[in-house]
Amino acid sequence: MMAATTSFSNEDLLCSQCSDIYCFPVLLKCGHNICRVCLKKFWELKGCQECPVCGKVSLTGRPPINLALKIAADNYRVQRTDGNREICFLHNEKLQIFCQNDEEPICFLCKKSKKHKVHECCPVEEAAQQKKREISKFLESLRKKLRMLKKTKEHWEETKSYIQTQAYENESLIREEFEKLHLFLQEEENTRLKALKQEEKIKTQVMCEKIDSVKNQIENLSSTIIDIETSLGAKDLSFLQGYKQTKKRLKCNIQDPECIRDILINSAKHLGLLKFGIWKKMVDIVKYVPVTMDPNTAQSNLKFSEELTSVQYSTKQLLPDNPERCTNRVCLLGDTGFTTGKHSWTVEVGKAKGWYIGVAQESVNRKSAVFLNPAEGFWVIGLCNADSFWAQTSPPTKLLLKTKPEKITVELDCDRGKVVFMNATDLTTIHTFKDKFREKIFPYFSPGICEEEKISSPLLISPLTIRVDVEQSHTATTSLRR
């Protein structure tokens with residue numbers, strides 16, 4: 001009870017180890033108090049249980065909490081929080097100095113104390129200006145980050161909406177393509193069923209005629225037999241009187257029924273290799289290209305068709321600025337990149353007035369302006385102003401061509417570091433790049449830009465010719481030819 005009513009001065013409420021208001025003070029046998037956490041750290045550092053103040057060794061395992069001192073310290077902490085914050089709680093002096101080391105305001109007496117004597121201090125006004133500038137810098141950094149996060153959220157919400165739009169558009173195109181296949185199969189089914197019905201009709205008609213013929217023969221022969229049987233039953237004189245006529249009727253020309261061949265439905269024709277025959281005919285309605293275009297890399301003015309094998313400049317679309325998208329130029333990349341082997345594709349440039357085609361490495365800068373040359377990761381050629389051809393070397397090389405190509409084949413050899421451009425019509429070489437590829441290489445396409453509200457001539461990847469062959473092993477193979 002005495003301990004609970006003991007009065008403590010402000011200095012008595014400060015821990016000798018951390019110089020702060022006691023937090024769970026424990027009482028050692030020597031009579032000194034210290035925060036429980038401070039004591040634990042001190043003992044772990046020293047390796048023995050001695051008092052931090054007098055050095056006397058304490059033999060008790062866990063010193064008891066000084067409840068009276070804890071209550072007084074807790075009450076003082078509350079008073080300090082609720083009281084005048086401009087007055088030092090230790091010396092009742094005005095807080096006019098700021099300790100840079102402890103980062104807290106102190107009074108002049110605190111400055112002379114042991115705790116702050118060697119600390120760097122300055123007037124409160126000066127420190128406030130300095131710290132406000134410091135906090136303002138951090139605050140501006142936080143504001144900048146907040147703006148970035150808000151912009152990112154907005155961008156991601158747009159991307160989410162575009163994903164849904166993209167999925168709907170892709171679903172519509174998939175359904176459209178399958179509708180074409182369904183229509184083809186339905187028409188093929190109808191054609192084959194019509195042929196079957198026609199054969200059934202013709203052969204049924206033939207059999208009807210044959211049956212009618214044999215029915216007539218049966219009737220005639222039956223009538224003859226009856227008449228002869230009647231004659232045989234007559235009296236002798238009557239029989240002999242009609243003998244000549246009866247004998248004549250016995251000689252009637254009744255032919256044996258004919259052997260009707262190939263009269264059954266030709267099931268082998270209708271059912272034999274049915275699926276293979278349909279598959280072979282489908283070659284005429286499907287196409288294959290060695291590379292396709294990736295719309296997720298396309299600048300927002302580009303429009304696609306023909307199962308992502310054709311692209312042209314058109315009206316601007318609202319598209320998300322995803323990392324893969326090219327915004328520095330009106331261009332796009334192919335959907336597949338190459339690191340090894342030989343690859344080739346043919347681009348129909350038609351009569352366009354401007355275009356660039358070739359290859360680009362995966363890490364090319366897609367967001368800011370760069371030169372189209374090998375140093376920047378591009379190996380391309382192009383047509384400018386409808387009459388001048390250039391290889392985008394550094395500096396560009398003008399190409400002197402006898403004829404203006406409408407189809408250009410790009411041959412990429414990743415292992416030998418070569419990109420060859422050829423006129424697909426006469427197979428003459430237009431230009432060859434030689435380099436060393438250190439990363440994945442993608443096809444590059446850039447259709448010409450046209451005037452407002454007009455569309456440009458498209459760049460089209462030429463399909464390969466598909467041919468179905470049957471090998472000696474009786475396995476069907478599909479071959480591709482240019």
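Residues take their numbers from the sequence shown, with the count starting at 1.
Salt bridge annotation for Lys194-Glu187: absent, with no cationic side-chain nitrogen under 4.0 angstrom from a carboxylate oxygen. A salt bridge does not link Glu179 with Arg175: none of the charged nitrogens is closer than 4.0 Å to a carboxylate oxygen. Salt-bridge annotation for Lys41 and Glu44: absent, with no side-chain N of the basic residue lying under 4.0 Å from a carboxylate O of the acidic one. With respect to the salt-bridge test (charged N to carboxylate O, under 4.0 angstrom), the residues Glu177 and Lys180 qualify. Taking 4.0 Å as the cut-off between side-chain N and carboxylate O, Lys144 and Glu140 do not count as a salt-bridged pair.
Rounding to the nearest 0.5 angstrom, the gap separating the CG atom in Leu173 from the OH atom in Tyr168 is 10.5 Å. Taking OG1 of Thr340 as the start and NZ of Lys440 as the end, the distance is 10.5 Å to the nearest 0.5 Å. In this structure, the separation between CD1 on Ile218 and CD1 on Ile211 is 10.0 Å, given to the nearest 0.5 Å. Atoms OG1 and CD, on Thr165 and Glu158 in that order, are 11.5 Å from each other to the nearest 0.5 Å. Note that CD of Glu307 is 10.0 Å distant from CD of Glu176, once rounded to the nearest 0.5 Å. To the nearest 0.5 Å, atoms OG1 (Thr403) and CG (Leu401) are separated by 7.0 Å.
Environment of CG in Leu149: crowded, with over 12 heavy atoms of neighbouring residues, nucleotides or ligands closer than 6.0 Å. Around the CG atom of Asp236, the shell of radius 6.0 Å holds no more than 12 heavy atoms that belong to other residues, nucleotides or ligands. Other residues, nucleotides and ligands contribute more than 12 heavy atoms inside 6.0 Å of the CG atom of Asp387. In the displayed structure, Lys367 atom NZ is contacted under 6.0 Å by more than 12 heavy atoms of other residues, nucleotides or ligands. Within a 6.0 Å radius of CD1 in Ile265, more than 12 heavy atoms belonging to other residues, nucleotides or ligands are found. When the shell of 6.0 Å around NZ of Lys131 is examined, it contains more than 12 heavy atoms from other residues, nucleotides or ligands. Heavy-atom contacts from other residues, nucleotides or ligands closer than 6.0 Å to CZ of Arg416 number 12 or fewer.
Side chain of Thr393 to main chain of Pro395: a donor-acceptor pair is present (N/O by atom type, distance under 3.5 Å, no hydrogens or angles). Judged by distance alone, with hydrogens and angles left aside, the side-chain atoms of Gln299 form a donor-acceptor pair with the main-chain N or O of Asn301 at under 3.5 Å. Not one N or O on the side chain of Glu306 forms a donor-acceptor pair closer than 3.5 Å with the backbone of Leu460. A side-chain donor-acceptor contact under 3.5 Å links Arg325 to the backbone of Ala298. Side-chain atoms of Gln392 do not come within 3.5 Å of backbone N or O of Phe378 as any donor-acceptor pair. Put simply, the side chain of Asn220 never gets that close to the backbone of Ser223: no donor and acceptor are under 3.5 Å apart. Here the side chain of Thr297 pairs a donor or acceptor atom with the backbone of Leu333 at under 3.5 angstrom. Side-chain atoms of Thr230 come within 3.5 Å of backbone N or O of Ile226 as a donor-acceptor pair. Using modelled atom types, one side-chain atom of Asn101 and one backbone atom of Glu120 make a donor-acceptor pair closer than 3.5 Å. Of the possible polar contacts, one joining the Lys203 side chain to the Asp262 backbone as a donor-acceptor pair under 3.5 Å is found.
Contact detail for Gln100 and Cys122: the closest heavy-atom pair is NE2-SG, 3.3 Å. Across all non-hydrogen atoms, the minimal contact from His343 to Cys414 is CD2-SG, 4.3 Å. When every heavy atom of Pro290 is checked against every heavy atom of Leu464, the shortest pair comes out as CD-CG, 4.1 Å. Looking at every heavy atom in both residues, Ile278 comes nearest to Glu188 through CG1-CG, 4.0 Å. Considering all non-hydrogen atoms of both residues, Thr346 and Ala424 come closest at CG2-CB, 3.9 Å. Across all their heavy atoms, Asn296 and Asn322 have their closest contact at O-ND2, 3.0 Å.
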### Message
Evaluate Glu154 against Lys150 for salt bridge (Lys or Arg N to Asp or Glu O under 4.0 Å), listing each step before the verdict.
### Response
CA-CA 6 Å; Glu154 181 181 349; Lys150 286 182 176 179; over 6 Å; no
### Query
Between Lys244 and Lys247, is a side-chain contact (heavy atoms from CB on, under 4.5 Å) present by the stated rule, with each step listed?
CA-CA 5 Å; Lys244 289 183 179 180; Lys247 185 178 179 181; 5.8 Å; no
### Task
Show the numbers, then the answer: is there a side-chain contact (heavy atoms from CB on, under 4.5 Å) between Phe24 and Cys38?
CA-CA 10 Å; Phe24 289 101; Cys38 295; over 6 Å; no
### Query
Could you go step by step and tell me if Trp379 and Tyr444 meet the side-chain contact (heavy atoms from CB on, under 4.5 Å) rule?
CA-CA 9 Å; Trp379 296 267; Tyr444 177 90; over 6 Å; no
### Query
Between Leu372 and Trp390, is a side-chain contact (heavy atoms from CB on, under 4.5 Å) present by the stated rule, with each step listed?
CA-CA 11 Å; Leu372 288 179; Trp390 296 84; over 6 Å; no
### Query
Between Asn170 and Gln166, does a side-chain hydrogen bond (donor to acceptor under 3.5 Å, both in side chains) hold up when you go through it step by step?
CA-CA 6 Å; Asn170 286 352; Gln166 201 176 22; 5.6 Å; no
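Partner Thr292 forms a side-chain hydrogen bond (donor to acceptor under 3.5 Å, both in side chains) with one of Thr336, Asp335, Thr309 and no other, that one being Asp335.
Residues Lys160 and Gln164 meet the side-chain proximity criterion, which asks for heavy atoms closer than 4.5 Å. In this structure, the side chains of Leu383 and Lys404 come closer than 4.5 Å at one or more pairs of heavy atoms. At a threshold of 4.5 Å between non-hydrogen side-chain atoms, the residues Pro374 and Phe433 count as touching. For the pair Ser305 and Pro458, the minimum side-chain heavy-atom distance is 4.5 Å or more. Side chains of Leu332 and Phe304 form a contact here, defined as non-hydrogen atoms less than 4.5 Å apart. Contact of the Lys407 side chain with the Thr409 side chain is not registered, since no non-hydrogen atoms from C-beta on lie closer than 4.5 Å. A heavy-atom distance below 4.5 Å is not found between the side chains of Glu411 and Lys342. Side-chain contact between Phe442 and Val291 is absent, with no heavy-atom pair separated by less than 4.5 Å.
Ring orientation note: the planes of Phe338 and Trp345 are close to parallel, at an angle under 30° on the 30°/60° scale. The aromatic rings of Phe276 and Trp279 sit perpendicular, their planes meeting at an angle over 60°, well past the 30° parallel limit.
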